[in-house]
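In what follows, chains are A, B, ... by sequence order, proteins preceding strands, each numbered from 1.
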Number of protein chains: 2
Amino acid sequence: MNLRDLSYFCAVAETSHFGRAAERCHVSQPTLSAQIKKLEDELGVTLFERSNKSVRLTAVGQEILLIAHRVQEGAADIRRAAMAHSDPLAGKIKLGIIPTIAPMIIPSLLAMTGRKFPALHLSFVEDMTDPLEDMLRSGALDAAILATDPMHSTLEEIPLYDEPFWAAFPKGHRLAQKSHLVAMDIDPQELLLLSEGHCFRDQALSVCRHAVSQNAAQADTRATSMETILNLVAAGAGVTLIPALATQGGRLAETGVIARPFTKSPRGEGASRRVRLVFRRTSPRLQLMLALSEAITDDLPPLVHAVPKEE
Amino acid sequence: MNLRDLSYFCAVAETSHFGRAAERCHVSQPTLSAQIKKLEDELGVTLFERSNKSVRLTAVGQEILLIAHRVQEGAADIRRAAMAHSDPLAGKIKLGIIPTIAPMIIPSLLAMTGRKFPALHLSFVEDMTDPLEDMLRSGALDAAILATDPMHSTLEEIPLYDEPFWAAFPKGHRLAQKSHLVAMDIDPQELLLLSEGHCFRDQALSVCRHAVSQNAAQADTRATSMETILNLVAAGAGVTLIPALATQGGRLAETGVIARPFTKSPRGEGASRRVRLVFRRTSPRLQLMLALSEAITDDLPPLVHAVPKEE
DNA sequence: TGATATCAATAGATAATAGCTATCAAAAGG
DNA sequence: CCTTTTGATAGCTATTATCTATTGATATCA
C-alpha cells in the first residue's frame with residue numbers, strides 16, 4: 001500500500017471513471033488501472049466492480065474510501081506541519097545565558113529579535129557555563145551565550161563580541177583618581193569575586209594573576225551574583241571587576257559605585273572576554289544561528305567590540 | 001511521501017538509532033538513511049539531528065511523528081477492513097426475489113445460509129422481475145432469484161431448479177376426478193391470473209395457450225398476489241395455476257383448495273419454470289454466487305427438479 | 001596517546017516498479 | 001453494422017528503492 005495508490009483509489013471512487021481519474025492524477029489510464037489492481041491484489045479484496053459502462057465501489061471499497069480519506073488528510077497534515085516549520089527564522093528557541101551576561105543582554109536581545117525575527121519565540125535559561133553546556137549537549141537547549149571556549153568537540157561557536165573588564169570600587173576609593181587602570185592597581189586583599197563555577201570569576205582572576213595566591217583571605221565572601229558583589233562594593237567591602245556591559249544603565253552611580261576601564265596594552269589587548277554563541281555542531285538550525293549572531297553583532301553597544309574579521 | 005517512508009521515520013524516531021531502526025524495518029541502514037533524507041528533502045525540514053553518538057527528533061519531527069502514527073493507524077485500519085471482507089462467504093448481501101417464489105423459499109433459505117454461511121447476512125426485496133432487474137443493474141441488489149431469462153447482457157445467471165406448475169381448484173370441482181391434468185383440461189373462462197408484470201402470469205398463459213384470447217372476460221379480476229387468487233379459488237371463483245412449491249405447508253387443504261400436477265410430456269417436459277440466481281456479470285462476488293447456488297441445489301424439496309447437468 | 005569500535009553517510013551497482021504508448025476486447029448506441 | 005467508449009493487456013523505459021562495500025567522524029579503552 002502506498003499514499004499514491006490511495007489517492008488513485010480515491011480519484012476513481014470519486015469520478016467513477018478510470019480515464020477521468022487518471023487525468024485528475026496526471027497519469028495515464030493504464031498506469032492507474034494497474035495500480036488499482038495491485039492495491040486490490042495486496043488487500044485481497046475487490047475495490048471496484050467495473051464494466052465498460054460503470055465503475056462502482058464495492059462494500060469494502062466504500063468502507064476503505066472513508067479510511068483512505070482520513071489517511072490522506074493525515075498526509076496533508078504532515079506537509080502542513082513541515083511547511084509551518086520550514087522557515088529557519090521561525091519557531092521556538094531555548095537559549096542559555098550565563099548570569100554575568102543575561103541581565104544585560106536579554107532586554108536588547110528581545111527587542112532585536114522582536115524586530116528582525118518576528119516569528120521567532122525566545123525563551124531563556126540563566127545558569128553557569130558547565131550546566132548550560134550539559135543542557136546544550138543533551139538537547140535541552142538550542143543554543144547558549146557563553147564567554148568561554150566550549151569544552152566539547154560536539155559544540156560549535158560563533159564569536160559575538162569582546163567585552164572589556166572594568167574595575168568597580170566605592171566612591172572616594174583611591175583608584176578613583178585614575179581614569180584608566182592597570183591590573184596591578186588592584187589590591188588582592190580587597191578583591192571580591194563571584195563564587196566558583198562562574199567563568200567570570202576565573203577570568204577576573206586571570207587578569208589579576210598577582211592576586212591568585214593572596215586571595216585566600218576572601219574565601220568566605222564569595223557572592224553568587226554580580227548584584228551582591230556590587231552591593232558589597234558599595235558598602236565598602238572591597239573592589240571587584242565587572243564586565244563592561246554591567247556599567248550601563250546608571251545602577252552603579254545610584255549606589256555610589258564607580259567604574260573605570262583598564263588601559264589597553266600596546267597591542268590593543270585589554271583585559272576582556274570573548275562572548276560567543278554556542279550550539280551543537282549537529283544543530284539543524286545553523287542558519288538561524290548565523291542569522292542570530294549576525295543580528296547581534298550588527299548592532300553592538302559602544303562598550304563592547306566586534307570581533308576582528310580575520311578571526 | 002510514502003507510507004513506507006513514514007514507517008522508517010517512526011522506527012528511527014522510536015529507536016533513536018538508524019541501524020536498529022533498519023533492522024526493525026528489514027532493510028539495510030544505508031537504505032533507511034537515504035529514505036529519511038529523501039523525506040526530509042521533500043518536506044523541506046530536518047526531522048532528525050544526527051551525530052555519531054545520538055539521533056534526536058527535532059521540534060518538527062516530534063510534531064510529525066504524532067501525525068505519522070495517526071496515518072499508519074489509518075493504513076492498518078484499511079488492511080483490517082480488507083481482511084474482514086476478504087472471506088467471500090461473509091458480509092451482507094441483498095437478494096431480490098419475485099413474489100411467486102419469495103414466501104416459499106425465504107424460510108428454508110434463511111435456515112440454510114444460517115447453517116452453511118454463518119457469516120453471511122441476507123436481506124430481501126420482494127418485487128416483480130422488471131424492477132428487480134433494474135435494481136440489480138443499478139447495484140441496489142447483489143443478486144436476485146428470478147424465473148425468467150435475464151433480459152440484459154450485463155446479467156449472468158446460474159440455474160437453480162425447475163419448478164412444475166400445478167392446477168388449483170375448489171373442492172368438488174370436476175377436475176378433482178383426475179390425478180394428473182393436461183393443459184386442455186383448464187377452462188379459459190374459469191382461469192384466474194395474477195396482475196400484469198408477474199412473470200408467472202405470462203408463464204401460466206403460455207401453458208394454457210388456448211386461453212390467451214378467451215381470457216378477456218377475467219380482465220377485471222386480476223389479483224396482485226397468489227394469496228388473493230387462492231382465496232378466490234377457495235370461494236369458487238375459478239381455477240388457477242400455482243408453482244409447485246406453493247402446494248407445500250397444508251395451507252391449501254385448510255382452505256379447501258385442491259391441487260393437481262400436470263402430466264409430463266413424453267420427453268419429460270411438463271409445464272414448469274426454471275428458477276435462477278441472477279447477478280451482474282461484473283459482480284465481485286461470483287464466488288459467493290456459486291457457493292450459494294450450489295447450497296440451494298444441494299438440498300432441493302422433492303416437488304422441484306434439479307437442472308440436468310449438461311445445461 | 002594511539003588502537004578499536006561505533007555509527008551515519010556516501011559510492012556504485014542492481015533489482016523492483018511505476019510509468020508510458022499502442023492495442024485489444026467488450027459493450028452501447030446510432 | 002459500424003463507431004464510440006472504456007477498462008484491460010502487452011511490451012518497453014525511466015525511476016527509484018535497495019543492496020554491499022566503504023568512508024569519515026566520534027567516542028572508548030588500553
Quiz item: Would you say a side-chain N or O of Thr31(B) is under 4.0 Å from OP1 or OP2 of dC19(D)?
Solution: yes

Quiz item: Do you know which two heavy atoms are closest between Phe48(B) and Glu40(B), and how far apart they sit?
Solution: N-OE2, 3.2 Å

Self-check item: Presence of His17(B) side-chain N/O under 4.0 Å of dA8(C) phosphate oxygens OP1/OP2
Solution: yes

Quiz item: So how far is it from Glu23(A) CD to Ser28(A) OG, rounded to the nearest 0.5 Å?
Solution: 12.0 Å

Self-check item: Sole candidate of Asp162(A), Asp202(A), Thr100(A), Thr148(A) that passes side-chain hydrogen bond (donor to acceptor under 3.5 Å, both in side chains) when paired with Arg273(A)
Solution: Thr100(A)

Quiz item: For Gln29(B) and dA8(C), is the shortest distance between a side-chain N/O and OP1 or OP2 below 4.0 Å?
Solution: no

Quiz item: For the side chain of Ser153(B), counting heavy atoms from C-beta on, which of dT18(D), dA28(C), dG19(C) is nearest?
Solution: dA28(C)

Quiz prompt | Residue Thr154(A), side-chain atoms from C-beta onward, closest of dG19(C), dT26(D), dA9(C) | solution = dT26(D)

Practice problem: Using distance alone, with no hydrogens and no angle criterion, decide if Glu49(B) and Thr282(A) have a side-chain donor and acceptor under 3.5 Å apart. | Solution: yes

Quiz item: At under 4.0 Å, does any side-chain N or O of Ser28(A) touch on OP1 or OP2 of dC20(C)?
Solution: yes

Self-check item: Over all atoms of both residues, closest heavy-atom pair of Ala13(B) and Leu65(B)
Solution: CB-CD1, 3.8 Å

Quiz prompt | Neighbours of DNA chain D within residues 48-57 of chain A, by heavy-atom distance under 4.0 Å | solution = Arg50(A), Ser51(A), Asn52(A), Val55(A)

Quiz item: Does His26(A) or Phe18(B) map to a spot on DNA chain C nearer the 5' end, using the closest nucleotide for each?
Solution: Phe18(B)

Practice problem: Determine the contact category for Arg281(A): base if any of its heavy atoms lies under 4.0 Å from a base atom, sugar-phosphate if only primed atoms, P, OP1 or OP2 are that close, otherwise nothing. | Solution: sugar-phosphate

Self-check item: Presence of His152(B) side-chain N/O under 4.0 Å of dA27(C) phosphate oxygens OP1/OP2
Solution: no

Quiz item: Arg285(B) and Leu120(B): which non-hydrogen atoms are nearest, and at how many Å?
Solution: NH2-CD1, 4.4 Å

Quiz item: Is the shortest side-chain N/O distance from Ser33(A) to OP1 or OP2 of dA8(D) below 4.0 Å?
Solution: yes

Quiz prompt | Presence of Lys37(A) side-chain N/O under 4.0 Å of dA8(D) phosphate oxygens OP1/OP2 | solution = no

Quiz item: Can you check the Arg280(A) CZ to dT26(D) P distance for me, whole Å?
Solution: 15 Å

Quiz item: With distance as the sole criterion, is a donor-acceptor pair present between the side chains of Ser33(A) and Gln29(A) under 3.5 Å?
Solution: yes

